[in-house]
Participant: 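Below is the structure I would like to discuss, written out as C-alpha cells.
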Amino acid sequence: MPSAFHPLRPSLKRKCKSKRSKRLSEARSLAAADDAAGGGGGDASFDLKNSASASAASGIGGGRGTLVQPLGNLLLAAARRANLRDEGLGALRPLPDDLLLDVLGLLPARDLAALSAASKALYVISSHDPLWRAVVLAELGGDFAFAGSWRATYISAVSGRAHLPPRALEIEGFYSDYLFQSWLCANMEMRTEWLQRDTIDRRRGLSLEKFITEYEEPNWPVLLEGCLENWPASQKWTREYLLEVSAGKEFAVGPVSMTLDKYFMYADNVQEERPLYLFDAKFAEKVPEMGRDYEVPVYFQEDLFKVLGEERPDHRWVIIGPAGSGSSFHVDPNSTSAWNAVIKGAKKWVMFPPEVPPPGVHPSADGAEVTSPVSIMEWFMNFYGACRTWEKRPVECVCRAGEIVFVPNGWWHLVINLEESVAITQNYVSRRNLLNVLDFLKRPNASELVSGTKDRVNLHDKFRNAIDTAYPGTISRLEVEAQEKAAARKKKVGFWDNAVDANTGGFKFTF
Amino acid sequence: MAAAPSGSRTRMVTLISKGGRNFKMPEAVALVSSRSCREALDYIEYRGNNTMMIKLLDIDPKPVSMLVNFCNHMAAAATSAASDDAAQRMREWEERFLGDDVDQALLYDLLSAAISIQADGLIDLVCKRVAHMIKGKTPQEIRTILGIQDDLTPDQRDEIRTDNSWIDI
C-alpha cells in the first residue's frame with residue numbers, strides 16, 4: 001500500500017500547467033514531421049547544426065542521435081513495421097509522451113536508470129536529456145561541470161571523474177512526434193529566411209527630443225546605433241576579463257546560480273531546445289566594476305522608479321548566453337519600457353505591438369500568464385511563416401554589437417542569440433509612460449503581475465507618493481495632457497486599419 | 001464567470017460515458033477542476049435545460065464516475081480553510097481514491113477522462129500514482145508491473161550496465 005503520493009523529488013519545479021493546454025489545443029505540428037520525413041531524414045528541410053548531423057549519421061555522442069523518428073516516417077516506411085514504442089511501454093502505452101515525461105520527471109536519477117534497463121522503448125524515453133537536466137539542477141544546483149549532455153553531466157558528477165560518459169545506444173524503430181520535435185528544436189539552426197527581414201527604424205545621432213517625439217511618445221521601437229562607443233565594456237568585456245573580474249561570484253542562471261567559468265563550460269558544449277540563460281539582476285552589486293563599465297544612454301536617463309531608491313523593482317540585468325538561448329514572447333513587467341544593448345554577439349528580435357498577441361501566443365484573460373509558451377525554435381518553425389501573410393507584421397531586426405534596441409512598454413517581444421552574446425538591459429519609467437505604470441500597479445491583480453519587488457501590494461501607493469513628493473504636480477499635469485491627446489486621437493486614422501493604439505500600454509486579451 | 005440567470009435551477013455539467021450513462025455535477029463543481037469548462041464559459045450559451053453535455057463515449061462508466069467524484073471532492077475542499085490538517089486529510093483521501101483496488105487499466109482510463117475535460121489536478125494525481133508505482137523497482141520488477149518483454153540485446157544490456165555502474169539497480 002503506497003504510503004503517500006507526495007512529490008517524490010523535493011522542490012522540483014514542475015512544468016507549468018500551461019503545457020497541458022499546448023498539448024491539447026495545438027498540434028505538435030505534423031507539418032514539421034512531414035517535412036522531415038519527406039526530406040529523407042531531415043537534412044534537406046532543416047538546417048541542422050553540424051554536430052547534430054554527424055551524430056545523426058553515426059548514432060553516437062552525448063545527444064540523442066537517431067533514437068527517435070517522427071510518426072510520419074512510420075507511415076511512409078517501405079516495409080510494414082511496428083512502433084517500438086507500442087510494445088516497449090506495455091501498460092504505459094496509453095499515456096501521451098508529454099505525460100509520460102511528466103511521470104518520469106517525478107522520479108530521481110536512480111529510477112530513470114532502472115527504467116532505461118527495462119526495455120528498448122523505456123531506454124529511449126528515460127534518456128531524454130531534459131529529464132536529466134531537471135535532475136542535475138535539482139540535486140547539484142549550479143555546481144556542475146557540463147559534460148556534453150545532462151545525463152553525462154549527472155553521471156560524471158555522482159560517480160567521480162574516472163567514469164566514462166555514457167554513450168547513446170543505437171536503437172531503431174521508435175517513433176514519436178513529441179520527442180522528435182524536441183530533438184529537432186534542440187538541433188536546428190535558425191534558417192536564413194528567418195533572419196532576412198529587418199524592418200526596424202535604424203537611427204544614429206538621434207537627439208533626445210527627436211527620440212521622445214518620434215519613438216517614445218508614439219510608443220514605437222527603434223534601433224539606435226553608435227551609442228556604445230564610449231562604453232568601457234565595448235572594449236574590455238572579453239571572456240578573460242569577465243572571468244577575472246567575477247571570479248568566485250555566482251550569477252543567476254535559470255533556477256540556479258553558478259560561477260561564470262562553469263557557465264561557459266556549459267555554453268560551449270550545450271545543444272538543447274531551451275539553453276540556460278545567464279540573466280542576473282544584481283550584477284552591479286556583485287561585481288561593481290561591471291556596473292562602472294557602462295552608462296545609461298541619454299535617451300533613457302529619466303527613470304522615475306529611482307524615487308523608490310532601494311525599494312524599486314529589479315531594473316538592470318546582464319545577459320549572457322550561447323547561440324540558441326533567448327526569451328520567447330513576453331511583455332515586460334510593470335508596463336515599463338526597456339532598452340537592450342548588445343556588447344558582444346548578435347540577437348534576432350521579433351516584436352508585436354501591445355494589442356496584437358503574436359501568432360501561437362495566448363495570454364490568459366487577466367494577462368497574468370502566457371498559456372502555451374512554445375520554445376523559440378518551435379515558434380519560428382510553426383508560426384513565423386504566418387506573420388508574412390498578416391497585415392499586422394511584426395517589427396524585426398538583427399541587433400549586433402554596439403547597437404541598442406528600444407522596447408516600448410507593452411510590446412510583445414522575442415529575442416534569440418545568433419551567436420554567443422553579452423548584453424545589458426534595463427527597464428525604466430519616464431514621464432511618457434508614468435501614467436501607464438501607475439494604472440498597471442493599480443490593478444486588482446497587481447499583486448500577481450507586478451514583478452521584481454518584494455512588496456507587491458503597496459507599490460502603487462509608494463510610487464505615487466514618492467513621485468508627488470519629488471515632482472509635485474507632475475501626475476496631474478500628465479493626466480490633463482493625456483485627456484487632451486485622447487480626444488484628438490479619436491479623430492485620427494490609426495496606423496493600422498483598425499486603429500491599434502500602441503500607447504495604451506495595457507495588456508488586453510483580444511481575438 | 002457568468003452568473004446563473006435569476007430564477008433558474010442550478011446549471012449542471014453532464015458527462016456521458018460509454019453505454020450512454022450520464023454523470024452529473026453542478027457547474028460550479030466542474031469549474032473548480034476542469035479547465036475545459038472554464039474556457040467554455042466564454043463561448044457557450046445555455047439553452048433550454050441548463051446543462052452542458054460532454055461526451056466521453058469511448059470511456060467506461062466507472063472512470064467517468066470516479067472523475068465526477070474527484071471534482072465533487074475538490075470543490076468541497078476548495079471551500080474549507082487551508083490548514084495542515086486539511087492537507088493531511090487530502091493526502092489520505094488521494095491515497096484511498098487511487099488505492100490498490102485501482103488497477104492500471106482503470107488508472108489509464110481515468111487519465112483519459114481527466115485529459116478530456118482538462119482536469120489538471122487529476123492528471124497530476126494520476127502521474128504521481130504512476131511514478132510511485134515505478135519508484136524503487138528493479139528493471140525486472142518494472143517489466144513485470146508494466147507487462148513488457150526485455151527486448152534488449154546482450155550487448156545493449158552490457159552497455160547499459162556499464163553506463164549505470166554508478167548506481168545499484
Side-chain angles (χ1 to χ4, degrees), chain A residues 1-9 14 17 20-21 23-25 84 87-96 99-100 102-123 127 151-152 154-160 163-167 169-171 365, chain B residues 35-36 39 42 91-92 94-95 97-100 103-105 107-109 111-112 115-116 118 120-121 123-153 155-157 159-169:
Chain A
M1 173 68 195
S3 54
F5 299 144
H6 52 278
L8 298 167
R9 190 188 298 138
R14 292 290 310 281
K17 284 182 193 146
R20 307 217 188 283
S21 156
R23 177 176 51 71
L24 288 170
S25 63
L84 186 67
E87 288 309 309
L89 292 183
L92 288 177
R93 189 190 328 170
L95 268 72
L99 283 187
L100 198 47
D102 281 351
V103 170
L104 265 56
L106 294 169
L107 294 168
R110 183 230 159 268
D111 294 303
L112 293 181
L115 280 165
S116 74
S119 75
K120 284 184 186 176
L122 286 172
Y123 175 86
S127 42
R151 186 158 171 258
Y154 182 81
I155 292 176
S156 305
V158 298
S159 63
H163 188 94
L164 292 170
R167 295 141 296 185
L169 297 187
E170 286 184 43
I171 291 180
Chain B
R35 194 153 36 90
S36 300
E39 289 172 3
D42 287 340
R91 275 196 293 274
E92 288 165 4
E94 287 173 353
E95 287 167 37
F97 181 67
L98 294 186
D100 278 344
D103 66 8
Q104 283 189 67
L107 196 59
Y108 302 134
D109 281 349
L111 183 61
S112 289
I115 292 173
S116 302
Q118 295 173 289
D120 296 328
I123 295 174
D124 283 350
L125 187 61
V126 172
C127 285
K128 284 185 200 162
R129 171 75 159 79
V130 174
H132 200 96
M133 196 171 68
I134 296 173
K135 186 170 199 238
K137 303 288 190 296
T138 65
Q140 183 51 48
E141 287 169 336
I142 290 174
R143 283 185 217 119
T144 310
I145 292 172
L146 300 181
I148 55 183
Q149 303 290 351
D150 181 1
D151 57 355
L152 293 159
T153 68
D155 280 345
Q156 289 171 338
R157 241 173 269 142
E159 243 188 275
I160 295 178
R161 202 172 309 129
T162 315
D163 284 349
N164 292 324
S165 56
W166 53 279
I167 207 136
D168 179 34
I169 46 164

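Everything numeric in this text was worked out from a predicted model, so none of it was measured. All chains are named by letter (A, B, ...) in the order of the sequence lines, taking the proteins before the strands, and each is independently numbered beginning at 1.
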Participant: To the nearest 0.5 Å, tell me how far Asp111(A) CG sits from His132(B) NE2.
Facilitator: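 The CG atom of Asp111(A) sits 10.5 Å away from the NE2 atom of His132(B).
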Participant: With rounding to the nearest 0.5 angstrom, report the CG to CZ distance, Leu100(A) to Arg93(A).
Facilitator: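 These two atoms lie 12.5 Å from each other.
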Participant: Can you tell which part of Ile142(B) gets under 4.5 Å to a heavy atom of chain A, answering side chain, backbone, both or neither?
Facilitator: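 Side chain of Ile142(B) only, per the 4.5 Å heavy-atom cut-off to chain A.
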Participant: So which part of Gln104(B) gets closer than 4.5 Å to some heavy atom of chain A, the side chain, the backbone, both or neither?
Facilitator: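 The side chain, not the backbone.
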Participant: Between CZ of Phe97(B) and CD of Glu94(B), what distance do you get to the nearest 0.5 Å?
Facilitator: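 Here the rounded value is 9.5 Å.
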Participant: Should we say atom CD of Glu87(A) is surrounded by more than 12 heavy atoms from elsewhere, each under 6.0 Å from it?
Facilitator: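 Counting neighbours around CD of Glu87(A), 12 or fewer heavy atoms of other residues, nucleotides or ligands fall under 6.0 Å, so no.
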Participant: Go through the atoms of Gln140(B) and report whether side chain, backbone, both or neither lie under 4.5 Å from a heavy atom of chain A.
Facilitator: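 Neither part.
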Participant: Tell me which of these, Leu111(B), Leu107(B), Asp109(B), has more heavy-atom pairs under 4.5 Å with chain A than the rest.
Facilitator: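 The option with the most such pairs is Leu111(B).
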Participant: Please report the interatomic distance CG(Asp150(B)) to NZ(Lys120(A)), rounded to the nearest 0.5 Å.
Facilitator: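 Going from the CG atom of Asp150(B) to the NZ atom of Lys120(A) covers 10.0 Å.
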Participant: Given the options Val158(A), Leu115(A), Leu92(A), which has more heavy-atom pairs under 4.5 Å with chain B than any of the others?
Facilitator: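 Of Val158(A), Leu115(A), Leu92(A), Leu92(A) has the most heavy-atom pairs under 4.5 Å with chain B.
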